[in-house]
Amino acid sequence: MSEIKLTNVVKRYGRVEVVHGINLEIAHNEFVVLVGPSGCGKSTTLRMIAGLEEISDGEIHIGDALVNDLPPRKRNISMVFQNYALYPHMSVRENLGFGLKIAKQSEAMIEERVGEAAEILGLSELMDRTPAELSGGQRQRVAMGRAIVRHPEAFLFDEPLSNLDAKLRVQMRTEIKKLHSKVKTTVVYVTHDQVEAMTLADRIVVMKDGYIEQVGTPMEVFNHPVNTFVASFIGSPPMNLIPARVESGKVKLADGASVPVPNRLADKVRDGQDVIFGLRPDDMTPEGHGINDTGQVATLELTVDLAELLGTETLLYTQLGGQDALGKMFDPRDVAAGETLRFRLSLDKAHLFDATSGKSVRL
Amino acid sequence: MARTKSPYKTRLALTPYLLLSPAFLVLIFVVALPLVFSLYTSFTGYRLVRPDTLWNWVGTRNYERIFADLDFWIAFGRTILFLAIALNLEFILGLGIALLINRITWGQRTLRTIMMFPMMFSPILVGYQFKFIFNDNIGVLNNALQSLGISDAATPWLVDRYLALGSIIFAEVWMSTSVFAILLLAGLFAMPRDPIEAARVDGCSPWQVFRHITLPFLMPFAFIAMTIRSLDVARAYDIVDVMTGGGPAGRTELLWTLIARVGYDNARMGQANAMAYVSIILSIAFTYYFFTKLVAARRYMGGAA
C-alpha cells in the first residue's frame, strides 16, 4: 500500500514560512492534483514529499514509513520535472534504465522494464537517440518512462506540461490519464492550470499562500467552492463575483438591480448581510440560449458591451451590479455591441459568499 | 574603351588590398619573418656571439644532435611528467575548491576574486617566494617543521632530486589551481539543477550523482582549462629558473630551461631553435589532444554544456 500522509507539514526558508502546517491524506492509487497560483506552495509541498526540500515541521508518511529524514533515493518515489530533467549525455534507453542500473538490477530485468515502459509510451523507435534529438513531447514521454520503469510507490509530477505548446499539452494530458489507468499507482500532480486539475484529478487540492483552501473531487470543487478564491480559480472563464447585500429575501446588487435569494440558501443568510453573489458565465444566458435555465431563475435586462463568438457558444461581456460580468450564449446568433438582452440567471447554480470572510454561506 | 578599365573601377578593385595591407604587414614582420628566420637558424650553426655563423648551413645536423642527446630527451620526458602531475593536481584541487565554493551561499563572488590573487603575481616573484619558503636553512617550511617537532632535519627541498621537482610543481600548482577552480565553478553555475534532482530521486547517492551527472557535465570545462594550462606549463621557464635554475645538476631541467641554457649561456642559437621547434610540436600535440577531448566531451553532453 502506498498512501501518502502529510501531517501539519510546515516549510520555512529562514524566517519566512511558505507552507503553513498542511494536512493531507492521499489514498492508494489515487490521482491527486495540487493546484494554485504561482507561489502558493504547491511545488514546495511536492518537493517535500520527494525529499528534495527538507520539512521544517510536521510529518510525511509514505506507505507506513515516516520519511521526514529519508533522502529521496530511499523514498521509492519517482518524479517528472517541468524541464524534463533528462540526462543529456545518455540515450533514451540509458535514461530509462539509469535508475535501475544504479539500483544494481540485472541486465535482463532492466531490459524488460525499459522495453515495457517504451511500449506503453511509444518510445520504441527512439531508444538510441539522445535528449537533444527529441521534441518536447518526446522528452516528456521519456521523463515519464523514466518514472515508471522503477515501479515506484508514487509518481510525483511537477508541472510536467507547462513547457509544451497548447496542442501538445492537451495530447499529453490524455496520455497521462491513460498512463494512470494502465499503471495503477498513487500520483501527486502539481499544476497551476485548473483545466489540467479538473481533467486529471480524482481529487483536487486547491492551495493559496501556503494554505489548503479546499480538497475535493473536481465536481465538488467546481460545484461547491468553499470560498471566493476557489470559486474564481476553478472554472474557465472564471465565476462572476458581484458584491451585494441581502435585503428582505432579495440579493440587492450595487447598481440597484436585485435577484431573489436562491431558495436553497434562504436560511443561510440573514437580512442586511453583505455578501458576494457568484454565478458562472454558463448560468447567465440570454433567453432561449441557455442550457441551465430550468429551476429557480431570475431575469434581468442587461446591455452587451462586447460579444466574442467561439463557435458553439458566444461570450457576452456585460455589466452586473456595476461590475464587469460575463455571460454565455449557447447556440449563438449574431449579437451587436450595445444590444440589450434578457438574461436568465440560474439561481439554483448561484453561490453566495460572506463579503468579509469570503467563505461560502453554505458552510 | 571597352578593354581598359575606368580609373574608378581600378581603384575599386584595389581598395580591399589597400585596406588589408596594414594587417598583412604587421603579420609579416611580427609573425612570419621571425618564424621563418628561427626555422632557418635551426638549420645553421648559428652562434649568438659570431653573427657570421648565420650563413653556416648545416642541414639537419642540429636536429640529429638533439635527437641523439640524452639530456634533451630527459628534459623532454621531465616536461611531460611535470605537466602531467601539475595538471592532474590542479584539476583535482580546482574541482574540490569549485565544489566547495558552489555549496556556500554567501560571498561566492568575493571568494572567486580572492582565488585569483595567485594568478596576479609575476611567476618570478612566486618563484622567489617559494625559493625562500623551501630554503633548507632559513626557509619557512623547515623552520615550521622543526618548531612543530615534526622533523629536525634540514630537508633539502630544492636540492634533492625528487623533492626539487616536487617543490616546483607545488609552486606551479599554488599559482594556477584557480584557473581550474574558476572554470569549473563557471561550469557548476551553468549546470541545470533538474538532472541532479532527477538523479537523486532516481536513487543516486551523492557520490553517484557526482560521478554520473555532475562530472560528465563539468568535463568540457575541465578540458578548456587543461588546454589553457598545458600551453602554459609546457613553456614553464621563469618559476624553474628562479627556484632551481634547472639544477641541481640538471635534475629539474625542463625543455625551456634547457633551450635557454643552450641558446643564451652556450650561445648555440641554431641548436636551441631546433629544440624550440621540437618543444612547440609537443605543445601543439597537447593542445590538439585536449581539444579533441573537449570536442568529444561536448558531443557526449549532447550540446548541454
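Below, chains carry the letters A, B, ... as their sequence lines are ordered, and counting in each starts from 1.
Residues of residues 72-86 of chain A lying within less than 4.5 angstrom of chain B, judged on heavy atoms, are A:P72, A:R73, A:I77, A:S78, A:M79, A:F81, A:N83, A:A85, A:L86 in numerical order. Heavy-atom neighbours of chain B within the stretch residues 49-60 of chain A, taken at a separation under 4.5 angstrom, comprise A:G51, A:L52.
Using a 4.5 Å heavy-atom threshold, the side chains of A:Y87 and B:I196 count as separate.
Residue-environment remark: CE (A:M109) exceeds the threshold of 12 foreign heavy atoms within 6.0 Å. Residue B:F291 qualifies as open at atom CZ: its count of foreign heavy atoms under 6.0 Å is 12 or below. In the displayed structure, B:F223 atom CZ is contacted under 6.0 Å by more than 12 heavy atoms of other residues, nucleotides or ligands. For B:Q108, the CD atom counts as densely surrounded, since its 6.0 Å shell holds more than 12 non-hydrogen atoms of other residues, nucleotides or ligands. A 6.0 Å sphere centred on CD of A:E119 holds no more than 12 heavy atoms belonging to other residues, nucleotides or ligands. Within a 6.0 Å radius of CZ in A:R12, other residues, nucleotides and ligands contribute more than 12 heavy atoms. By the 6.0 Å contact criterion, NZ on A:K177 is enclosed, its count of non-hydrogen atoms from other residues, nucleotides or ligands being greater than 12. For B:Y162, the OH atom sits in a loose shell: 12 or fewer heavy atoms of surrounding residues, nucleotides or ligands are nearer than 6.0 Å.
Under the rule for a salt bridge (Lys or Arg N to Asp or Glu O under 4.0 Å), the partners of B:E172 that lie at least two apart in sequence or sit in another chain are B:R229. By the salt bridge (Lys or Arg N to Asp or Glu O under 4.0 Å) test, B:D238 pairs with no residue at all, sequence neighbours left out.
Residue contact with chain A, scored on non-hydrogen atoms closer than 4.5 Å, involves the backbone and the side chain of B:E197 alike.
Not a single donor-acceptor pair under 3.5 Å links the side chain of B:H212 to the backbone N or O of A:F98.
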